[in-house]
Amino acid sequence: MEKMEMRSKDIIEANIKKLADIFPGCLVESSGEDGRISKKIDIEYIKQMLSGETVESGEVYELSWPGKRAAIIDANRTITKTLRPEKSKSVEWDTTENLYIEGDNLDVLKLLQESYLSGVKVIYIDPPYNTGSDFIYRDDFKTGTDEYEQSTGVYNDDDEKLFKNTDTNGRFHSDWCSMIYSRLLLARNLLSEDGVIFISIDDHEQDNLKKICNEIFGENNFLAQVVWERAFSPVNLKKHFSESHDYILCYAKNLASAVCNGLPRSGESDARYSNPDNDPRGPWTSGDLSVGPAVESRIYEIITPGGRRVLPPNGYCWRLDQETFERYKAENRIWFGESGDNVPRIKRFLKDVKQGITPMTIWKYTDVGSSQDATRELKKLFDGKAFFDYPKPVELIKRCIELYGDDECVVMDFFSGSATTAQAVMELNAEDGGHRKFIMVQCAENNKESGDAFKAGYRTICDIGEERIRRTGRQAKEKNSGIDAGFRVLYLDESNMNDVYYAAEDYSQNLLSLLESNIKPDRDSDDLLFACLLEWGLPLSLPYTAEIIEGRKIIIYNEGDLIACFDDNISEEVFKYIAKKRPLRAVFRDSGFSGSPAKINAGEIFRMLAPDTRVKVI
């Protein structure tokens with residue numbers, strides 16, 4: 001039986017394998033500082049393989065900053081953390097396919113690498129704009145008590161120092177670039193081949209963000225830099241200019257696969273079409289048959305049904321050559337007016353019109369809302385309090401989803417904030433009966449005790465976001481009772497496993513008693529189940545049931561994608577019961593076996609009754 005690793009995907013190892021598959025010669029053995037030999041990639045070899053000339057190292061065009069390489073290492077570093085379910089905060093836990101995850105988004109993105117690899121169709125994020133007060137970052141060092149009290153930083157739950165990134169910081173732009181770079185590296189892996197990411201930003205970091213996105217997603221996958229008109233009146237206190245817009249950068253995972261659905265046609269556009277002659281092809285409108293400049297071969301006389309002779313105006317010709325015109329006339333695609341004597345026009349049928357209107361790169365507040373609209377939305381929802389300074393309007397996020405999503409897609413936002421994206425997903429589902437799913441990720445940042453949110457009982461930003469989803473979910477359900485208005489809450493935590501890695505000389509009788517179980521005492525079967533789902537790459541939103549067999553709890557995930565039993569001393573009959581169901585995967589804990597003979601016997605049971613089941617032990 002295999003042993004579960006209980007840590008995030010080793011991205012470096014996966015990348016090495018991909019490169020070695022393409023360039024086998026790039027894989028070399030190298031001695032590290034500790035003297036151990038390991039497999040590494042010869043980057044110079046790959047450079048040479050991609051060039052028809054001798055490659056010399058030298059200056060290249062690239063965006064660089066202090067800490068960029070560290071950001072790459074940070075993105076690739078494995079972690080042993082896990083996601084734990086919190087049913088008390090959740091809504092419709094057993095049936096919902098939506099997720100709300102509390103925790104640092106870098107670690108969460110690492111944990112989701114297997115379960116949602118290439119599984120997200122649309123990502124929208126509204127990261128901190130680095131204005132000098134909105135971006136708080138972590139630094140992996142600790143200071144003494146005196147220094148802590150003198151500083152403006154605070155500690156997070158992981159005992160890491162948190163700092164506001166003010167413009168007095170010598171690494172003001174570098175720290176922000178490192179923060180967003182590592183997260184976008186991981187986010188790209190989650191996008192489907194036809195997936196698209198939308199990123200809101202303002203002038204503070206727009207130029208850096210675009211260069212970072214060009215590097216991560218590829219300059220050829222750039223779709224647009226949308227200008228969103230977020231304000232409609234000037235701030236007269238501004239000394240030079242009153243900014244009235246933000247940007248939304250839009251990149252595809254693969255431009256060749258991305259499909260733009262376009263914007264929905266308005267009723268006003270469709271109202272231009274009618275059917276005065278009861279054409280069986282449905283409503284139509286007509287367009288000029290003449291066009292300029294004149295082409296001699298397309299200047300000919302047309303005789304209307306009423307007998308009128310018509311030539312194109314001076315300097316013009318007909319759009320159609322005479323043969324095509326006669327065919328259109330025979331197909332009743334030429335309109336001579338109700339009298340039959342008007343200048344001929346070409347029929348254009350509504351059914352042939354592209355249903356999606358190609359979006360432009362300037363989005364007016366009258367179409368997608370403004371910052372003021374978004375604030376009003378929140379105040380209406382939370383009894384007159386907005387709680388957020390610069391929320392995004394729901395209509396803005398709905399447009400992003402509509403352009404590249406479909407009615408079954410997964411939508412992700414890993415800077416969830418007030419959870420506008422979750423509301424947008426549920427409203428779209430209520431409008432068209434779709435089954436879009438959302439994954440919201442938000443760090444459980446504490447609200448200020450002096451603020452309205454804290455006084456209203458919301459201790460963290462997550463508390464606000466989760467309550468917003470509950471309230472807007474109920475509203476959406478009133479419009480369409482068939483939609484999924486629930487969500488599963490999970491939160492980032494340290495590993496479920498005890499740290500049992502001690503040197504031989506460190507062992508004592510007392511220590512041995514602590515190591516009787518390799519699982520922390522405060523963890524239950526749901527905690528262990530979701531850790532297994534992450535390692536095995538199963539979605540976290542599928543249904544599962546539990547059965548009691550001979551006093552042991554058996555969890556059946558998604559009708560047999562995985563069956564788990566985390567109880568101690570499992571009997572042979574229970575192993576046989578599970579094996580007869582022939583799940584794709586089965587998992588047990590070490591203490592589930594009374595000893596080595598029992599483990600060997602269980603392996604034989606699965607070999608005989610379920611030879612295709614992968615069995616692992618935690």
Side-chain angles (χ1 to χ4, degrees), residues 83 85-87 89-103 105 108-109 111-125 186-187 189-198 253 259 261 394 397-442 462 465-466 468-477 479-491 530 533-534 537-544 557-559 561:
L83 296 179
E86 190 156 8
K87 293 185 178 180
K89 291 185 175 182
S90 305
V91 176
E92 300 176 2
W93 175 276
D94 292 332
T95 57
T96 186
E97 294 183 76
N98 299 318
L99 298 177
Y100 189 100
I101 304 175
E102 300 180 3
N105 53 15
V108 173
L109 288 170
L111 292 174
L112 299 182
Q113 288 296 295
E114 290 288 352
S115 294
Y116 292 93
L117 180 68
S118 300
V120 179
K121 187 73 174 289
V122 176
I123 295 177
Y124 170 83
I125 58 172
L186 295 170
N189 297 334
L190 302 182
L191 275 179
S192 60
E193 280 303 300
D194 59 349
V196 171
I197 185 170
F198 294 87
K253 171 80 170 284
V259 177
N261 303 316
V394 175
I397 315 302
K398 286 168 70 173
R399 172 170 286 196
C400 296
I401 298 170
E402 285 181 307
L403 282 177
Y404 287 93
D406 56 60
D407 59 7
E408 296 281 344
C409 69
V410 176
V411 179
M412 186 178 199
D413 184 346
F414 51 88
F415 286 95
S416 175
S418 66
T420 308
T421 302
Q423 180 176 345
V425 169
M426 290 190 296
E427 286 193 6
L428 284 173
N429 287 340
E431 291 167 8
D432 63 13
H435 296 87
R436 302 168 187 86
K437 282 79 68 176
F438 64 72
I439 302 174
M440 300 292 104
V441 183
Q442 175 60 45
C462 293
E466 290 160 4
R468 179 180 191 172
I469 300 174
R470 294 186 193 100
R471 297 188 182 197
T472 56
R474 288 193 291 268
Q475 292 176 356
K477 200 94 170 176
K479 297 177 183 177
N480 187 335
S481 60
I483 71 162
D484 180 0
F487 58 101
R488 286 181 177 175
V489 176
L490 305 168
Y491 67 96
F530 277 83
L533 298 178
L534 290 169
L538 291 171
L540 308 180
S541 56
L542 301 180
Y544 61 98
Y557 195 79
N558 198 37
E559 300 181 346
D561 279 356

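Throughout, numbering of the chain's residues begins at 1 and tracks the sequence.
Nearest heavy-atom pair, G465 versus A419, reported as atom, atom and distance to 0.1 Å: O-CB, 3.7 Å. When every heavy atom of A476 is checked against every heavy atom of A430, the shortest pair comes out as O-CB, 3.7 Å. In terms of heavy atoms, M440 sits closest to A422 at SD-N, 3.8 Å. Nearest heavy atom pair, residue D484 against residue G486, reads OD1-N, 3.0 Å.
Side-chain contact between Y116 and I439 is present, with heavy atoms from C-beta onward closer than 4.5 Å. Side-chain contact between L99 and F487 is absent, with no heavy-atom pair separated by less than 4.5 Å. Residues F414 and I123 are in side-chain contact: their nearest non-hydrogen atoms beyond the backbone lie under 4.5 Å apart. Here the side chains of V441 and D413 are not in contact, with every heavy-atom distance at 4.5 Å or above. With a 4.5 Å cut-off on side-chain heavy atoms, R488 and K87 do not count as touching. In this structure the side chain of T96 never reaches within 4.5 angstrom of the side chain of V91, judged on heavy atoms.
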All N/O donor-acceptor pairs, side-chain side in residues 400-412, below 3.5 Å, sequence neighbours left out:
from	atom 1	to	atom 2	distance (Å)
D406	OD1	E408	N	2.8
D406	OD1	C409	N	2.9
D406	OD2	K121	NZ	2.9

Stepwise side-chain contact (heavy atoms from CB on, under 4.5 Å) test for Y100 and Q442: CA-CA 8 Å; Y100 189 100; Q442 175 60 45; 3.6 Å; yes
Working for side-chain contact (heavy atoms from CB on, under 4.5 Å), residues D432 and N480: CA-CA 9 Å; D432 63 13; N480 187 335; over 6 Å; no
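By the side chain to side chain donor-acceptor pair (under 3.5 Å) test, D94 pairs with no residue at all, sequence neighbours left out. Listed by chain and residue number, W93 satisfy the ring-ring contact (aromatic ring centres under 6.0 Å, His included) test with F530 (two or more places apart in sequence, or in another chain). Residues satisfying the side chain to side chain donor-acceptor pair (under 3.5 Å) test with S541, not counting sequence neighbours, are none. Not a single side chain to side chain donor-acceptor pair (under 3.5 Å) links E114 to another residue, sequence neighbours left out. Considering only residues two or more places apart in sequence or on other chains, L117 meets the side chain to side chain contact (heavy atoms under 4.5 Å, CB included) condition with K9, N189.
Between the side chain of E102 and the main chain of V489, no donor-acceptor pair closer than 3.5 Å is present.
S418 and R468 form a side-chain donor-acceptor contact under 3.5 Å, judged by distance and modelled atom types alone.
Residues E431 and K479 are not paired through a salt bridge, judged by the lack of any N-O separation under 4.0 Å between the basic side chain and the carboxylate.
The number of heavy atoms from other shown groups lying within 6.0 Å of CD (E92) is above 12.
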